[in-house]
2 protein chains.
Amino acid sequence: MATVDTDAEPLSIGEVAERTGLSVHALRFYEREGLLVGPVQRTAGGRRRYTTADVDWLLICVKLRGTGMPLADLKRFAELVRHGPGNEAERLRLLDTHQQRIEAQIRTLEECRSVIAWKVGVYAEHLARDDAGGLWDPTV
Amino acid sequence: MATVDTDAEPLSIGEVAERTGLSVHALRFYEREGLLVGPVQRTAGGRRRYTTADVDWLLICVKLRGTGMPLADLKRFAELVRHGPGNEAERLRLLDTHQQRIEAQIRTLEECRSVIAWKVGVYAEHLARDDAGGLWDPTV
DNA sequence: TTAGAAACTAGAGCGAGGTCTAGATCAAGT
DNA sequence: ACTTGATCTAGACCTCGCTCTAGTTTCTAA
């Protein structure tokens, strides 16, 4: 998963935005919030230069955020990684918690999906028969 | 799904809160926002009396909200139902859109789940071997 | 009849997660 | 040298979806 690419060119914030799907605003915001593992390097002129490792980490953040991990947890994770080895148990706990959140969401979604599928079926059938008049009841 | 129960006692807002999992605040808020299909009945003293149909509709709302349907869509749906028969096609479209949102979410979640499962596996294995020192790289 | 719980309204407040603005600076092409 | 576009910082602002407050009124039970 980690892209070990020692002679990769560092990227500008705009390029990272493109690659991660985050806006440049969001990237600066994440940094301010302490969501990055290390400080982002800067050019002489003060511009950010992201390494491939930074981008890899951001891609993980995007994935976790996209599945509902709160920024606070992401921040905690970043802190743990920043502190180096020795806290893997807590990292594991964070991941595990999120895994359970994900399982729960999947169950919720699947349940709702089947309810909707049924309702869609009812509507579609009646629409096809052009007798929608009997469908007034929203709770069908 | 619809509870056809003509001689059911109307419920107070507190009872509805219990049954739907929404707070009484949220119930009043939903009403103000026009998320309910019809106006809620009131007692002589001005208190809300929810019918079973109201509760059924709210339970649907809870399900849809819980899977990410925005309040605006819920409101639109309520409006359509309020206007009675003749707009089933649009109702169907709303449901269909949401169904696709759900499918997409499930795919996202499942993808993330497998990534996490893998990472958890890596962490757990190394923790078990007590050689977590090599796990510094957060992007593993 | 009186206390206490529960409900009422209007409107302010809040937390999450960004987004946008202003005004300045930096870098690249012509 | 000059224009254009990308970045910079600090901080204000925004949307969503509730939540809470204040002050009042209505029930219910003792």
Side-chain angles (χ1 to χ4, degrees), chain A residues 9-36 39-51 54-55 58-78 94 97-98 101 105 108, chain B residues 9-36 39-51 54-55 57-78 97-98 101 105 108:
Chain A
E9 292 292 303
L11 301 168
S12 73
I13 196 168
E15 288 164 329
V16 174
E18 254 178 53
R19 262 156 239 232
T20 58
L22 294 165
S23 70
V24 299
H25 295 297
L27 283 168
R28 291 194 278 244
F29 169 70
Y30 277 22
E31 187 178 336
R32 252 185 288 165
E33 293 295 295
L35 263 58
L36 301 193
V40 178
Q41 298 307 306
R42 302 290 183 125
T43 64
R47 273 123 193 259
R48 293 172 178 81
R49 313 268 61 195
Y50 292 85
T51 65
D54 291 330
V55 176
L58 282 166
L59 288 171
I60 292 172
C61 288
V62 167
K63 220 170 224 344
L64 295 173
R65 273 294 303 129
T67 52
M69 183 181 277
L71 290 188
D73 287 18
L74 238 28
K75 180 176 181 174
R76 182 70 189 133
F77 205 127
L94 276 176
T97 300
H98 190 55
R101 228 185 325 242
Q105 283 185 80
T108 303
Chain B
E9 291 293 303
L11 301 167
S12 73
I13 195 168
E15 288 163 328
V16 175
E18 253 178 54
R19 261 156 241 233
T20 58
L22 294 164
S23 70
V24 299
H25 295 297
L27 283 168
R28 290 195 277 244
F29 168 71
Y30 276 23
E31 187 178 337
R32 251 185 289 164
E33 292 295 296
L35 264 57
L36 301 193
V40 178
Q41 297 307 306
R42 302 288 185 124
T43 64
R47 273 127 191 255
R48 293 172 178 81
R49 312 268 65 193
Y50 293 84
T51 64
D54 292 331
V55 176
W57 172 250
L58 282 166
L59 288 171
I60 292 172
C61 288
V62 167
K63 221 170 222 343
L64 294 173
R65 274 293 305 129
T67 52
M69 183 181 277
L71 290 188
D73 286 19
L74 237 28
K75 180 175 181 174
R76 182 70 188 134
F77 205 128
T97 300
H98 190 56
R101 230 187 322 242
Q105 281 185 82
T108 302

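What you see is a predicted model; the values in this text were computed from it and never measured. Residue numbering restarts at 1 for every chain, and letters A, B, ... go by the order of the sequence lines.
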- Query: In terms of the nearest nucleotide of DNA chain C, which residue is placed more toward the 5' end: L22(A) or A44(A)?
  - Reply: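 Mapping each residue to its closest nucleotide by heavy atoms, the 5'-most match is L22(A).
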- With D73(B) as reference, evaluate H98(B), R101(B), R65(B) under the side chain to side chain donor-acceptor pair (under 3.5 Å) test and give the passing residue.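 Answer after filtering H98(B), R101(B), R65(B): R101(B).
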- Task: Taking all non-hydrogen atoms of both residues into account, name the closest pair between W57(B) and L74(B) and its distance.
- Result: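 Smallest heavy-atom distance, with atoms named: CZ2-O, 4.3 Å.
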- Task: Could you pull out the closest heavy-atom pair between A78(B) and L35(B), with the gap in Å?
- Result: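 Where A78(B) meets L35(B) most closely, the heavy atoms are CB-O, 3.4 Å.
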- Message: Any heavy-atom pair between the side chains of V16(A) and L22(A) that's under 4.5 Å?
- Response: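 Not in contact.
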- On DNA chain D, check which nucleotide each of L71(B) and H25(B) is closest to and give me the residue with the more 5' one.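 So the residue in question is L71(B).
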Does the distance from a Lys or Arg side-chain N to an Asp or Glu carboxylate O, for [X] and [Y], drop under 4.0 Å?
X: R49(A); Y: E9(A); result: no
X: R47(A); Y: E15(A); result: no
X: E31(B); Y: R42(B); result: yes

Kindly give the atom pairs (protein nitrogen or oxygen, nucleotide nitrogen or oxygen) under 3.5 Å for nucleotides 6-10 of chain C.
| residue | atom | partner | partner atom | Å |
| --- | --- | --- | --- | --- |
| dA6(C) | N3 | R47(B) | NH2 | 3.0 |
| dA7(C) | OP1 | S12(B) | OG | 3.1 |
| dA7(C) | OP1 | G14(B) | N | 3.1 |
| dA7(C) | O4' | R47(B) | NH1 | 3.4 |
| dA7(C) | O4' | R47(B) | NH2 | 3.4 |
| dC8(C) | OP1 | R48(B) | N | 2.8 |
| dC8(C) | OP1 | R48(B) | NH1 | 2.9 |
| dC8(C) | OP2 | R28(B) | NH1 | 2.7 |
| dC8(C) | OP2 | R48(B) | NH1 | 3.1 |
| dC8(C) | O5' | R48(B) | NH1 | 3.4 |
| dC8(C) | O3' | R42(B) | NH1 | 3.4 |
| dT9(C) | OP1 | R42(B) | NH1 | 3.1 |
| dT9(C) | OP1 | R42(B) | NH2 | 3.0 |
| dT9(C) | OP2 | R48(B) | NH1 | 3.2 |
| dT9(C) | OP2 | R48(B) | NH2 | 2.9 |

- Query: Within a reach of under 6.0 Å around CD of Q41(B), are more than 12 heavy atoms found that belong to other residues, nucleotides or ligands?
  - Reply: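 For Q41(B), atom CD is not crowded (no more than 12 foreign heavy atoms under 6.0 Å).
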- Item | Range on DNA chain D touched by chain A - first to last nucleotide, heavy-atom distance under 4.0 Å |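 Listing 5' to 3', DNA chain D meets chain A from dA6(D) to dG11(D).
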